[in-house]
K.L.:
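The following block contains the structure, expressed as structure tokens.
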2 protein chains.
Amino acid sequence: MPAESSTLGQPTRALDTAGRAFYQWRMANIQDDTLASRISRVLAERIISGALSPGARLRQDHVAEEFGASHVPVREAFRRLEAQGLAVSEPRRGVRVASFDLREVREVAEMRAALEVLALRHAVPNLTPAVLDRAEAATAAADGASDVRSWEEANRAFHRLILEPCAMPRLLASIDDLHAASARFLFSAWRSSWQPRTDHDHRAILAALRGGNGDEAAAILGRHVQWIGRTPVRNESGETREIFSIVG
Amino acid sequence: MPAESSTLGQPTRALDTAGRAFYQWRMANIQDDTLASRISRVLAERIISGALSPGARLRQDHVAEEFGASHVPVREAFRRLEAQGLAVSEPRRGVRVASFDLREVREVAEMRAALEVLALRHAVPNLTPAVLDRAEAATAAADGASDVRSWEEANRAFHRLILEPCAMPRLLASIDDLHAASARFLFSAWRSSWQPRTDHDHRAILAALRGGNGDEAAAILGRHVQWIGRTPVRNESGETREIFSIVG
DNA sequence: CCTCAAGAAATTATCTATAATTTTTTTTCC
DNA sequence: GGAAAAAAAATTATAGATAATTTCTTGAGG
């Protein structure tokens, strides 16, 4: 590390700051260093946001060219997207963006309810006032959000904050994947429009947690996550149909 | 398909049978045709059975040579194992068989409880007497099993049978992955020894389902899956320690 | 005898090239 | 003009080769 070690010849305080910055940079890159994972993250982002529509073909050479890479890391990225349920692959016939329907929206909502309730139950004993304060801030951010993207980010932060203290990595990873699926549905429903709302469930959950009532918090969370919103959407041919999406 | 089409020049009945056999063969191979998936399945089998121990390095060139392949499909197989939680990869430092401890055993047990209960609730309305009979047969097979492998297979069949009618593919896939993790723990605990047992829980679940009492069945299943067995195991240096593993 | 450093071997990550398959386009025949 | 067949183009899957990194081995110094 020749470029970085030059910063080490400085006063102690500066060294600490620079050292930490470098460490964080290393962490951010080390655990996700390979081309394959960077490609898979970018593609996942596009699928979730709706920039890549359901059923769209992902052609390895095109993706490779776009990223200035060969198709070997691209294929690895595809395998990862497949495992996350964001893409489907048919041998020798290529990879497509996974499609979804109301059945799957419901399925994801129910899985989230089951797993988030489990996570919250284990998180409760480890919850600190500091964490709850940050969760409250996330709720406020969600209420003040003016577009879907920022609302989703704040909402996800809220759930992550109160669940993370469960310290069950496998469970949290599964929940993350389900959140990604939820976000896909959400963005597809509220493509451009978004009406600000006050999330009473989040506040009720926080109140229950502050009052030491973990069971009640878990019960509200379970219902909250299964809340499925209906939005009328007008398609290209001018017909309107309802799109369903998880909102919690 | 030159070899197969030759079978088509036969009487109608024979054509049907041969045609179906060919179709099934195609199905079995088409949806899992690539070298990468075959390699990942074989490696998964070895990790689950314990033939590959936790922490063991998986070297892409060695695996490639063993399968008479190049390392490109091997790397794709690695990404899949990673997503299933059977392997962990550190960029530029290779892939290792995932290790596990009591914490993870508990985590998997609780996730299975949450998700299998959810699946059963949705399966109940679609359960037929025929399915329950097959589940009963699986239970009998488990009780009569003389080794861990066959017990695990029969046990897994029982769970699959009663949960499959929920018709929630994503949920079932998650449960499958958790079963694989459970089997790892199980095989590591009961490596060679196995004491036959009668599974009263399975019979109680079936009785409740036959009696139309879905809630009771779900409650028993939830407890059943979380049953963690303790086995004293002697390691290389002669010390004994307890190994915990899911049994349900 | 142990620790640390330099060199050698092995291993990973990537790219370029090639064979096989699928999809698209063009052509032919009715 | 439209359906079927043949040819062309695109695309996937795999192999072989190369650069960069890590791990192992060996040797020097304390």
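Owing to the predicted nature of the structure, the values given are computational and were not obtained by experimental measurement. Order of the sequence lines sets the chain letters (A, B, ...), proteins ahead of strands, with each chain counted from 1.
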K.L.:
If you only use heavy atoms from C-beta on, which nucleotide in dT12(C), dT14(D), dC15(C) is closest to the side chain of Asp61(B)?
P.N.:
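Nucleotide nearest to Asp61(B)'s side chain: dT12(C).
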K.L.:
Expressed in angstrom and rounded to an integer, what is the separation of Gln60(B) atom CD from dT14(D) atom C1'?
P.N.:
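That distance rounds to 14 Å.
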K.L.:
Under a 4.0 Å threshold between the charged nitrogen and the carboxylate oxygen, would Glu164(B) count as salt-bridged to Arg156(B)?
P.N.:
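So Arg156(B) does not pair with Glu164(B) through a salt bridge.
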K.L.:
Kindly say whether Trp190(A) contributes a backbone atom to a donor-acceptor pair with the side chain of Ser193(A) at under 3.5 angstrom?
P.N.:
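Side chain of Ser193(A) to backbone of Trp190(A), a donor-acceptor pair under 3.5 Å: no, none is there.
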K.L.:
Between Val95(A) and Ser89(A), what is the shortest heavy-atom contact and its length?
P.N.:
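For Val95(A) and Ser89(A), the tightest heavy-atom pair comes out as CG2-CB, 3.8 Å.
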K.L.:
Send over the distance from Glu82(A) CD to dT12(D) P, rounded to a whole Å.
P.N.:
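So the two atoms are 13 Å apart, to the nearest Å.
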K.L.:
Over the length of the helix from dC1(C)-dG30(D) to dC30(C)-dG1(D), how much do the five-pair end axes diverge, rounded to 10 degrees?
P.N.:
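If I round to tens, the end axes sit 10° apart.
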K.L.:
Taking the side chain from Arg79(B) and the backbone from Val74(B), do they hold a donor-acceptor pair closer than 3.5 Å?
P.N.:
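Answer holds: no.
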K.L.:
Base, backbone or nothing for each nucleotide of nucleotides 17-25 of chain D, written B, S, -, heavy atoms under 4.0 angstrom, 5' to 3'?
P.N.:
B---SSS--
K.L.:
Using the closest heavy atom to pick a nucleotide of DNA chain C for each, name whichever of Val72(B) or Leu58(B) lands nearer the 5' end.
P.N.:
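Per heavy-atom nearest nucleotide, the more 5' residue is Leu58(B).
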K.L.:
Where do Pro169(A) and Glu107(B) come nearest, in terms of heavy atoms and distance?
P.N.:
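Looking at all heavy atoms of both residues, the closest pair is N-OE2, 3.2 Å.
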K.L.:
Can you tell me if Asp61(A) uses its side chain to pair, donor with acceptor, with the backbone of Ala64(A) under 3.5 Å?
P.N.:
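Here the side-chain-to-backbone pair does not exist.
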K.L.:
Is there a donor-acceptor pair closer than 3.5 Å between any side-chain N or O of Arg96(B) and the backbone N or O of Gly55(B)?
P.N.:
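The answer is yes, because a donor-acceptor pair under 3.5 Å joins these two groups.
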K.L.:
Would you say the side-chain atoms of Arg112(A) pair up with the backbone N or O of Gly248(A), donor to acceptor, closer than 3.5 Å?
P.N.:
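Side chain of Arg112(A) to backbone of Gly248(A), a donor-acceptor pair under 3.5 Å: yes, one is there.
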K.L.:
Quickly work out the Arg75(A) CZ to dA13(C) C1' distance and round it to whole Å.
P.N.:
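Result: 16 Å.
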K.L.:
Provide, to the nearest angstrom, the distance between the CD atom belonging to Glu76(B) and the P atom belonging to dT12(C).
P.N.:
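My rounded result for the distance is 16 Å.
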K.L.:
Can you identify which nucleotide, out of dT14(C), dT11(D), dT14(D), has its nearest atom closest to the Leu35(A) side chain?
P.N.:
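For the Leu35(A) side chain, the nearest candidate turns out to be dT14(C).
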